[in-house]
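Okay, structure first, notes after.
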There are 2 protein chains.
Amino acid sequence: MRRTTLKDLAKAAGVSVASASYAVNGTGSLGEETRARILRVAGELDYKPNQMAKAMKTGQTGAIGLMVPDLTNPFFPSLAQTVIQTARLSGLSVFITDTEGSPEQERRSASQLIDHGIDGLIWFPIVDTDTLGPLLANTPTVVLDRILPSYDLILADYALGGELAAAHLIAAGHREIGIISGPLDAWSARIRAEAAARYVEAHAHLAWTVESAFAIDLDPAIKAVLDERRATGVIAGADLMAIGAIRHLQSQGVQVPADVSVVGFDDIPWAQLTTPALTTIEMPVEEMGVAAVETLLRRIANPKGSRRKIVFNVALITRSTVGPAAGAPFPERS
Amino acid sequence: MRRTTLKDLAKAAGVSVASASYAVNGTGSLGEETRARILRVAGELDYKPNQMAKAMKTGQTGAIGLMVPDLTNPFFPSLAQTVIQTARLSGLSVFITDTEGSPEQERRSASQLIDHGIDGLIWFPIVDTDTLGPLLANTPTVVLDRILPSYDLILADYALGGELAAAHLIAAGHREIGIISGPLDAWSARIRAEAAARYVEAHAHLAWTVESAFAIDLDPAIKAVLDERRATGVIAGADLMAIGAIRHLQSQGVQVPADVSVVGFDDIPWAQLTTPALTTIEMPVEEMGVAAVETLLRRIANPKGSRRKIVFNVALITRSTVGPAAGAPFPERS
DNA sequence: GAGATAGAATGAAACGTTTCACTTGGTTCA
DNA sequence: TGAACCAAGTGAAACGTTTCATTCTATCTC
């Protein structure tokens with residue numbers, strides 16, 4: 001009833017344990033016919049190598065970790081899915097952990113993963129500081145969406161995204177534009193907001209900027225700013241916040257996009273579902289997930305290679321939350 | 001630069017390897033003061049037990065698997081999140097795998113997980129047949145939302161849910177009711193549809209039943225049935241399908257709920273976001289996730305114990321997709 | 001004071017692999 | 001003919017733990 005071990009296999013095939021190991025792994029130098037015989041017997045006995053023993057011997061577990069800040073943010077399940085699928089192609093399993101938006105949890109999760117002996121880690125950090133440096137010293141790691149220079153980096157061109165969003169609103173005639181940024185201690189949020197702000201200031205007027213968590217529920221303070229109606233166009237640093245803003249505006253009887261236009265960021269699946277459907281900046285989640293796994297694999301194979309940084313493109317997805325600036329309450333400036 | 005091993009620790013503390021092991025694990029019989037000293041040295045050396053070696057010796061990896069059909073269905077990330085969090089409380093890590101709605105993938109995933117040596121498995125099967133029986137023979141397993149009698153089962157009272165949905169529509173005056181069921185080879189879908197149908201037939205009239213995948217995109221055939229407008233009330237076997245139906249109806253100029261009322265099932269996070277917000281049947285995902293982990297832990301501790309079946313309650317969440325039956329095109333009966 | 005007893009600590013085997021170093025026997029070649 | 005070589009196969013150590021069986025020492029009991 002015990003699982004068959006290499007020793008059982010060796011005995012059954014009448015060879016040494018070493019030969020059995022070589023046959024199973026396709027390594028070593030074995031006669032064509034012996035190898036075939038061993039493999040046949042292995043099939044009959046339904047031999048499956050014990051990964052734990054293998055892991056202990058080789059130090060490789062065949063598992064990688066994926067740390068994301070919040071699985072209920074619909075952005076992350078998409079990412080997780082492609083990571084899982086891509087990893088599977090290489091026979092790797094994926095430990096997923098939700099760091100709950102907290103650097104301490106991040107640290108706990110990381111050390112738990114490392115204790116379990118992962119071969120590598122794909123990490124979507126909460127903030128821009130490398131809080132995990134010493135912990136990850138021996139673990140090949142690729143970082144998503146944050147600038148931590150000591151790792152391989154998978155990014156998207158968020159500066160472009162911010163400009164695209166701003167340009168789109170301005171092209172629609174909006175002159176007073178507000179920005180709801182994500183937490184500024186996160187690179188992706190900061191760069192989006194900065195690029196958008198710069199563009200707005202150059203071509204129109206920046207009415208206000210506020211900072212928000214990546215969530216649908218907006219702070220009362222932010223709602224208050226929205227209620228002042230000083231901007232006819234709003235750029236949100238994430239679709240979740242855009243949706244939150246739209247819902248709030250609508251609840252106050254403000255029409256989107258007739259009264260206020262909104263553009264989001266991320267193109268989460270929900271973005272198509274809202275009414276009106278959300279105009280937003282799309283980032284290639286699938287490609288980023290695939291790139292993350294591939295880069296990790298490369299890093300595992302060659303821990304000392306030079307760091308890699310891959311930047312993906314983003315694109316404006318035009319749906320229905322941006323309309324022409326109507327009854328502009330402020331004087332046009334040419 | 002090598003990680004400190006038990007042997008290093010033993011040498012540094014001037015004791016045997018065995019003592020070191022006992023001290024670290026709090027087992028064996030050691031003098032109070034020796035134990036303390038070893039632990040202190042362990043702290044200084046930052047000793048971390050090598051889980052792989054431990055796993056090989058004990059056969060326990062401290063990891064569990066979670067297999068779900070589709071991570072992009074927003075129902076599952078919520079589940080995954082609670083499972084991860086609950087597991088973490090017991091120091092367990094979670095392998096997540098997406099079975100992509102396919103029994104073959106399910107089989108592949110399962111054997112991959114087993115090879116990696118999981119201590120137990122939480123499984124949300126695609127269909128009702130135990131396709132994995134032999135594979136899982138030695139792996140403690142709990143099954144969610146399907147009736148596979150040889151495992152521990154975590155369920156919700158979907159029959160009640162179906163009745164609640166039907167009763168709600170009927171109470172609003174609807175007499176012609178259609179059902180969009182999930183795949184009938186899945187228990188949860190079947191039982192919802194059957195209970196709803198039974199209730200409808202007893203108290204009103206069942207206009208039609210169609211079967212759909214758990215997805216937003218509905219078959220043309222289903223859209224055609226919707227277009228016939230033979231029902232003023234629609235019960236969908238999942239929120240995703242309900243949303244799909246509402247979107248289709250709206251695209252045809254049909255008002256929800258003025259012309260047609262819809263109730264969904266699951267109460268996924270999106271349900272609050274649609275316009276109008278979805279009236280649906282809520283199931284306690286968090287509690288189910290927690291129960292799944294707890295049941296699994298119990299089963300791991302006692303593989304031979306009697307099977308457990310936990311059934312959770314469901315509740316109707318009233319939002320805005322159900323309204324009074326207007327201009328009923330069919331004669332009221334009674 | 002001798003034997004028994006209990007607590008404290010240790011030695012070493014075992015878990016299932018991988019892999020280095022080695023043997024064996026046959027072939028090649030000068 | 002024999003040295004050299006090669007391919008095929010083997011033995012055994014090692015990876016880092018856990019844990020059984022054992023030893024040692026000090027204390028207790030009669």
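Residue numbers begin at 1 in each chain, while the letters A, B, ... track the order of the sequences.
A:Phe76 and A:Phe124 have perpendicular rings, their planes meeting at more than 60° on a 0 to 90° scale where under 30° would count as parallel.
Residues A:Arg88 and B:Ser109 form a side-chain contact, since some pair of their non-hydrogen atoms from C-beta on lies under 4.5 Å apart. Looking at B:Met288 and B:Asp145, their side chains come closer than 4.5 Å, going by heavy atoms from C-beta outward.
When the side-chain nitrogen and oxygen atoms of A:Thr5 are compared with OP1 and OP2 of C:dG16, none of them lie within a distance under 4.0 Å. Taking 4.0 angstrom as the limit, B:Lys54 places a side-chain polar atom (N or O) nearer than this to OP1 or OP2 of D:dT18. Side-chain nitrogen and oxygen atoms of A:Ser19 include at least one within less than 4.0 Å of the OP1 or OP2 phosphate oxygen of D:dT10. At the phosphate of C:dT18, neither OP1 nor OP2 sits under 4.0 Å from any side-chain N or O atom of A:Thr58.
Applying the salt bridge (charged side-chain N to carboxylate O under 4.0 Å, His left out) rule to B:Asp152 yields the partners B:Arg299; only residues at least two apart in sequence or on another chain are considered. Every residue was checked against the salt bridge (charged side-chain N to carboxylate O under 4.0 Å, His left out) condition with A:Arg35, not counting sequence neighbours, and none meets it.
Atom P of nucleotide D:dC15 and atom CG of B:Asp8 are separated by 11 Å, given to the nearest angstrom. Between the CG atom of B:Asp115 and the C1' atom of C:dG16 there is a distance of 14 Å, given to the nearest Å. The NZ atom of B:Lys7 sits 11 Å away from the C1' atom of D:dT17 (whole-angstrom rounding). Spacing between atom CD of B:Gln60 and atom P of D:dT19 amounts to 11 Å, rounded to whole angstrom units. The CG-C1' distance, from A:Leu6 to C:dT18, rounds to 9 Å in whole Å. As a whole-Å value, the separation of B:Arg3 CZ from D:dC15 C1' is 13 Å. Rounding to whole angstrom units, CE of residue B:Met56 and P of D:dG16 are separated by 11 Å.
Using a 4.0 Å cut-off between charged nitrogen and carboxylate oxygen, B:Glu104 and B:Arg108 do not count as a salt-bridge pair. Ion pairing between a basic and an acidic side chain is recognised when a charged N comes within 4.0 Å of a carboxylate O; A:Glu294 and A:Arg298 show no such pairing.
Within residues 28-51 of chain A, the residues that place at least one heavy atom under 4.0 Å from DNA chain D are, in residue-number order, A:Ser29, A:Leu30, A:Gly31, A:Thr34.
Out of C:dT18, C:dC20, D:dG16, the shortest distance to the side chain of A:Tyr22 is found at C:dC20. If you check D:dT18, C:dT18, C:dG11 against the side chain of B:Ala18, the one that comes closest is C:dG11.
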